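Below are the structure tokens for one structure; questions will follow.
Remember, predicted model here, so these are calculated numbers, not experimental data. We number each residue from 1, following the sequence as shown.
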Amino acid sequence: MNLDDVPDDLSAVLFTEEQITTRIRELAARIDQDYADRNPLMVGILNGAVMIMADLSRALSIHCEMDWMAISSYGSGVSSSGVVRILKDMNTSVVGRHVLIVEDIVDTGLTLAYLIENLKSRNPASIEVCAGFRKPEAQRNEVEVKYLGFDIPSDFVVGYGLDYAGRYRNLRGLGILSPSVYS
């Protein structure tokens, strides 16, 4: 779905499909260099990271393995509930592995901080984070994002894997959801 398919639902377009694709290729080139001989385990965080995980993995020129986790600190609203839950754990052991967490967005950082600590307890060789988007003004937990797509404002955004009530994930760009849609 194109951003211009839902113009009345967005108050602004932040990034087009082309801008996101260009940035993902840049991140992939850095990851190729940093993990050249490491065979990283990319752990995508469902559901939002599906888009970036697919695009990033296809842009890589190194071998990698993939697994998935589902973790939530959101209910059905537009802000974090503050309670982190693992809804689906991964199937792959991380012991001695170089883990690259692939996340759609870092908002408060609560979910990601919890996830990093959880994975550290499983004895990986290393853990790094790749995130498509980050809201620096909303961040309450300090988490290092080594591979970052874009910093964005604290508005509620949709597209490129990010949804509101299950909708808009398949938008090819990223836009600010108009408050009239969710208020």
**Study point:** M69 side chain reached by K88 side chain, heavy atoms, under 4.5 Å
**Key:** no
Study note, to complete from the structure: Heavy-atom closest pair (G96 atom, A125 atom, distance to 0.1 Å) is O-CB, 3.5 Å
Review point. Do you know the tightest heavy-atom contact between E137 and S154?
Key: CB-OG, 3.4 Å
Point to revise | Minimum side-chain heavy-atom gap Y114-I86 below 4.5 Å | key: yes
Point to revise | Interatomic distance, I71 atom CD1 to L87 atom CG [nearest 0.5 angstrom] | key: 8.0 Å
Point to revise | Which residues share a ring pair (Phe, Tyr, Trp, His ring centres under 6.0 Å) with F15, sequence neighbours left out | key: F150
**Study point:** Geometric class of the Y164/Y182 ring pair [parallel <30°, tilted 30-60°, perpendicular >60°]
**Key:** tilted
Point to revise | pair V106-F133: side-chain heavy atoms closer than 4.5 Å | key: no
Show which side-chain atoms of residues 169-176 pair as donor or acceptor with protein atoms under 3.5 Å away, not counting sequence neighbours.
from: R169; atom 1: NH1; to: G161; atom 2: O; distance (Å): 2.6
from: R169; atom 1: NH2; to: D163; atom 2: OD1; distance (Å): 3.2
from: R169; atom 1: NH2; to: D163; atom 2: OD2; distance (Å): 3.4
from: R172; atom 1: NH1; to: N2; atom 2: OD1; distance (Å): 3.0

**Study point:** Pairs involving residues 48-60, ordered by first then second residue, that meet salt bridge (Lys or Arg N to Asp or Glu O under 4.0 Å) (sequence neighbours left out)
**Key:** D55-R58
Exercise for review: Could you list all the salt bridge (Lys or Arg N to Asp or Glu O under 4.0 Å) pairs where at least one residue sits in residues 30-46, not counting sequence neighbours?
Suggested key: D34-K146
Study note, to complete from the structure: Looking only at heavy atoms, the pair that brings N39 and C64 closest together is OD1-CA, 3.6 Å
Check your understanding: Hey, what do you get for CE (M53) to CG (L46), rounding to the nearest 0.5 Å?
Key -> 8.5 Å
Check your understanding: Salt bridge or not for R122 and D89, using N-O below 4.0 Å?
Key -> yes
Review point. Taking only residues two or more places apart in sequence or in another chain, which ones pass salt bridge (Lys or Arg N to Asp or Glu O under 4.0 Å) with D155?
Key: none
Review point. Where do S126 and H98 come nearest, in terms of heavy atoms and distance?
Key: OG-ND1, 2.8 Å
Review point. Distance from E117 atom CD to I127 atom CD1, nearest 0.5 Å?
Key: 8.0 Å
Revision key, fill the gap. When rounded to the nearest 0.5 Å, the distance separating CG of N123 from CZ of R97 is 14.0 Å
Point to revise | Worked check of side chain to side chain contact (heavy atoms under 4.5 Å, CB included) between L100 and V43 | key: CA-CA 6 Å; L100 179 60; V43 179; over 6 Å; no
Check your understanding: Can you tell me how far CD of Q139 sits from CG of N141, rounded to the nearest 0.5 angstrom?
Key -> 8.0 Å
**Study point:** Donor-acceptor under 3.5 Å (S178 side chain, V181 main chain)
**Key:** no
Check your understanding: What pairs meet the salt bridge (Lys or Arg N to Asp or Glu O under 4.0 Å) rule with one or both residues in residues 6-20, with sequence neighbours excluded?
Key -> none
Point to revise | side chain to side chain contact (heavy atoms under 4.5 Å, CB included) between I45 and D104, intermediate numbers included | key: CA-CA 8 Å; I45 308 305; D104 55 355; 5.9 Å; no
Check your understanding: Which pair of non-hydrogen atoms, one from V102 and one from I52, has the smallest distance, and what is that distance?
Key -> CG1-CG2, 3.7 Å
Exercise for review: May I ask you to decide if N91's main-chain N or O and D67's side chain share a donor-acceptor pair within less than 3.5 Å?
Suggested key: yes
Check your understanding: Do L56 and C130 come within less than 4.5 Å of each other through their side chains, counting heavy atoms only?
Key -> yes
Exercise for review: Check the surroundings of atom NZ in K120: do more than 12 heavy atoms from other residues, nucleotides or ligands lie under 6.0 Å from it?
Suggested key: no
Exercise for review: Compare all side-chain heavy atoms of R134 with those of I105 and state whether any distance is below 4.5 angstrom.
Suggested key: no
Review point. Would you say V129 and V143 make side-chain contact, with heavy atoms under 4.5 Å?
Key: no
Review point. Do you know which two heavy atoms are closest between L60 and A28, and how far apart they sit?
Key: CD2-O, 3.6 Å
Check your understanding: Does the side chain of E65 come within less than 4.5 Å of P40's, by heavy atoms?
Key -> no
**Study point:** Min side-chain heavy-atom separation M90-W68 under 4.5 Å
**Key:** no
Exercise for review: Measure the CG-CG distance between L112 and N118 for me, rounded to the nearest 0.5 Å.
Suggested key: 12.0 Å
